[in-house]
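Here's the structure, in structure tokens; my notes come after.
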Protein chains: 2
Amino acid sequence: MKEKELRRSLAVLPMGTVMKLTSLTARQIRYYEAQGLITPERSDGNRRLYSLNDVDRLLEIRDYLADGVNIAGIKAIYDQQQAATKAKQSAQQQPLTDEDVRRILQDEFIRQGGLGHPNSGIQRPF
Amino acid sequence: MKEKELRRSLAVLPMGTVMKLTSLTARQIRYYEAQGLITPERSDGNRRLYSLNDVDRLLEIRDYLADGVNIAGIKAIYDQQQAATKAKQSAQQQPLTDEDVRRILQDEFIRQGGLGHPNSGIQRPF
DNA sequence: CTTTCATGTCATGTTTCCTAACATGAAAGT
DNA sequence: ACTTTCATGTTAGGAAACATGACATGAAAG
């Protein structure tokens with residue numbers, strides 16, 4: 001599941017490809033970017049690089065506009081979505097792994113007297 | 001299922017994208033084309049356009065070469081595959097739809113005496 | 001030790017994409 | 001009725017990516 005997400009967010013598609021996939025003009029796509037609706041990456045040579053997720057978002061934008069929603073409205077929708085996602089993330093309090101549990105228990109033990117040395121376990125980068 | 005096939009054979013990816021997706025050089029990709037292993041489409045401005053199927057094939061070619069198969073060998077494999085596919089297609093005798101059955105029955109009736117007019121049914125383009 | 005194979009590199013021209021500016025028709029305000 | 005705003009079109013000049021063709025090369029094959 002992680003693999004597919006990575007592929008979908010891989011920014012490799014240049015303007016011409018995205019134009020064909022979305023049937024939008026370059027002008028439109030750049031304008032939506034200027035309005036803060038998308039933020040494509042850039043190549044070394046400063047050319048825009050889009051991911052499949054970006055393409056999906058552009059298709060969404062296209063549909064919203066076709067439905068009469070203006071750009072400010074679309075931005076509001078995305079801002080709201082982002083806020084909701086962020087709230088959910090911080091509320092999720094990600095579940096502890098067995099590894100975490102062991103480490104925490106060990107720390108507890110060490111603080112209240114110490115048994116076994118703290119640095120004997122597996123090193124975790126974060 | 002038909003939809004996905006279409007998308008996978010949609011030729012929209014330019015050289016730079018394919019280079020990134022396959023980690024092949026432009027020289028390699030063009031060489032494989034010169035050897036008849038792939039046949040990308042061309043844009044109006046004569047630039048190569050690849051589909052996801054093409055990318056898959058390039059990845060295959062890369063793997064074959066890494067395994068010591070030379071280009072003639074890879075071509076032989078593809079020629080053989082194509083022959084097999086073609087044979088299977090002609091043997092498959094694609095199943096008739098209800099619509100086909102009705103049309104054939106009607107033609108039969110018409111030829112052996114006629115009941116109902118031939119052009120009263122639904123028009124099918126092919 | 002010369003050929004072949006797969007690829008690298010360079011030169012030169014064309015196409016695509018960049019930014020920035022001005023133009024425009026349809027809505028919306030005043 | 002006139003002026004802004006919005007979303008998009010168009011044009012211009014420059015930079016990046018891509019095209020083809022030629023020559024170079026190391027490894028393998030003959």
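These values consider heavy atoms only, across backbone and side chains, with no hydrogens, waters or symmetry-generated copies. All chains are named by letter (A, B, ...) in the order of the sequence lines, taking the proteins before the strands, and each is independently numbered beginning at 1. Bear in mind that the values here come from a model prediction, so they are computed numbers and not experimental data.
A:Tyr78 carries A:Arg57 over the face of its six-membered ring, with the cationic atom under 6.0 Å from the centre and within 45° of the normal.
Taking a pair to require two hydrogen-bonding distances under 3.5 Å in either a Watson-Crick or a G-U wobble arrangement, D:dG30 pairs with C:dC1. Under the Watson-Crick or G-U wobble criterion, with both distances below 3.5 Å, D:dA24 is paired with C:dT7.
Nearest to the side-chain atoms of A:Pro14 among the listed nucleotides D:dA17, D:dC18, C:dC17 stands C:dC17.
Comment: B:Glu33 engages B:Arg42 in a salt bridge, judged by a side-chain N to carboxylate O separation of less than 4.0 angstrom.
Of the candidates B:Asp54, B:Ile38, B:Ile61, B:Ile38 is the only one forming a side chain to side chain contact (heavy atoms under 4.5 Å, CB included) with B:Ile29.
For B:Arg42 and D:dA19, the CZ to P distance is 6 Å, given to the nearest whole Å. Taking atom CG of residue B:Leu49 and atom C1' of nucleotide C:dT16, one finds them 12 Å apart after rounding to whole Å. At whole-Å resolution of the value, CD in A:Glu41 and P in C:dC18 are 14 Å apart. Between B:Ile61 atom CD1 and C:dT7 atom P there is a gap of 10 Å when expressed in whole angstrom units. Regarding B:Asn46, its CG atom lies at a distance of 14 Å from the C1' atom of D:dG21, rounded to whole Å.
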Scoring nucleotides 5-13 of chain D by protein non-hydrogen atoms under 4.0 Å (B base, S sugar-phosphate only, - none) yields -SBBBB---
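Each of A:Met15 and B:Arg47 was assigned the nucleotide of DNA chain C with the nearest heavy atom; the assignment lying further toward the 5' end belongs to B:Arg47.
For B:Ala11 against B:Leu49, the heavy-atom pair with the smallest separation is CB-O, 3.6 Å.
Judged purely by atom type and a 3.5 angstrom limit, A:Lys75 has no side-chain atom pairing as donor or acceptor with the backbone of A:Gly36.
Note on A:Arg30: a side-chain N or O is less than 4.0 Å away from OP1 or OP2 of C:dC18.
The shortest distance between side-chain heavy atoms of A:Leu13 and B:Leu13 falls below 4.5 Å.
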